[in-house]
Q: 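Encoded as structure tokens, here's the structure I'll be asking about.
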Amino acid sequence: MKKPWDAFPKFTVYEENENPCGTCRHNSSGCRACLSPLEFKVRHALKEKLWLQDPENHGKRLPKAKGLGQAVRFSKLADNDGTLKPDVAKMFQEACDAVRKALDP
């Protein structure tokens with residue numbers, strides 16, 4: 001059986017005014033309530049990696065989840081179609097591996 005993270009094509013992006021979520025209805029990139037747990041965890045892992053790479057954040061504590069989401073916006077991860085940006089695509093497999101380790105006993 002193929003694991004979902006082995007075939008992850010691109011991130012979820014909703015068309016304008018088509019997000020069915022009651023929590024983030026006006027947010028095209030989704031949230032914890034409407035994304036699959038896997039996608040949410042992979043996105044968070046990528047945001048952590050981007051935040052840690054920024055020289056301005058050297059030596060600082062990683063922000064809590066909400067603060068990290070505000071510091072590293074979805075637009076830094078992918079374009080409007082959900083396709084990963086080139087620098088993020090390089091880190092994608094590493095993020096998936098970290099999530100897989102956390103999910104697989």
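Here the structure is a predicted model, which means the values were calculated and not measured. Below, each value reflects all heavy atoms present in this structure, side chains not excepted, and no hydrogens, waters or symmetry copies.
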Q: Check this for me, if you would: do R100 and D97 make a salt bridge, where the nitrogen-to-carboxylate-oxygen distance has to be below 4.0 angstrom?
A: yes
Q: Rounded to the nearest 0.5 Å, how far apart are OG1 of T12 and CZ of F40?
A: 12.5 Å
Q: For the atom pair CG (D81) and CG (D79), what is the distance rounded to the nearest 0.5 Å?
A: 5.0 Å
Q: Between N19 (side chain) and Y14 (backbone), is there a donor-acceptor pair under 3.5 Å?
A: no
Q: About how many Å separate NZ of K101 and SG of C96, when rounded to the nearest 0.5 Å?
A: 13.0 Å
Q: Quick one: does C34's side chain get under 4.5 Å of P20's, heavy atoms only?
A: no
Q: Does D87 have more than 12 heavy atoms from other residues, nucleotides or ligands lying within 6.0 Å of its CG?
A: yes
Q: Decide side chain to side chain contact (heavy atoms under 4.5 Å, CB included) for F11 and L35; before the verdict, give the C-alpha distance in whole Å, the side-chain angles of both, and the deciding distance to 0.1 Å.
A: CA-CA 9 Å; F11 289 138; L35 297 173; over 6 Å; no
Q: Any chance you could measure K47, atom NZ, to M91, atom CE, to the nearest 0.5 Å?
A: 12.5 Å
Q: As an exercise, state the distance from OG of S29 to CD of E39, rounded to the nearest 0.5 Å.
A: 9.5 Å
Q: Only one of L68, V99, V72 passes side-chain contact (heavy atoms from CB on, under 4.5 Å) with H44; say which it is.
A: L68
Q: Can you name the closest pair of heavy atoms from A33 and T23 and give their distance?
A: CB-OG1, 3.8 Å
Q: Taking atom NZ as the centre, does K85 end up with more than 12 heavy-atom neighbours from other residues, nucleotides or ligands that are less than 6.0 angstrom away?
A: yes
Q: Mind running side chain to side chain contact (heavy atoms under 4.5 Å, CB included) on K90 and Q93 for me, showing each step along the way?
A: CA-CA 7 Å; K90 292 176 187 173; Q93 195 56 51; over 6 Å; no
Q: At what distance, to the nearest 0.5 angstrom, does OG of S28 lie from CG of N80?
A: 6.5 Å
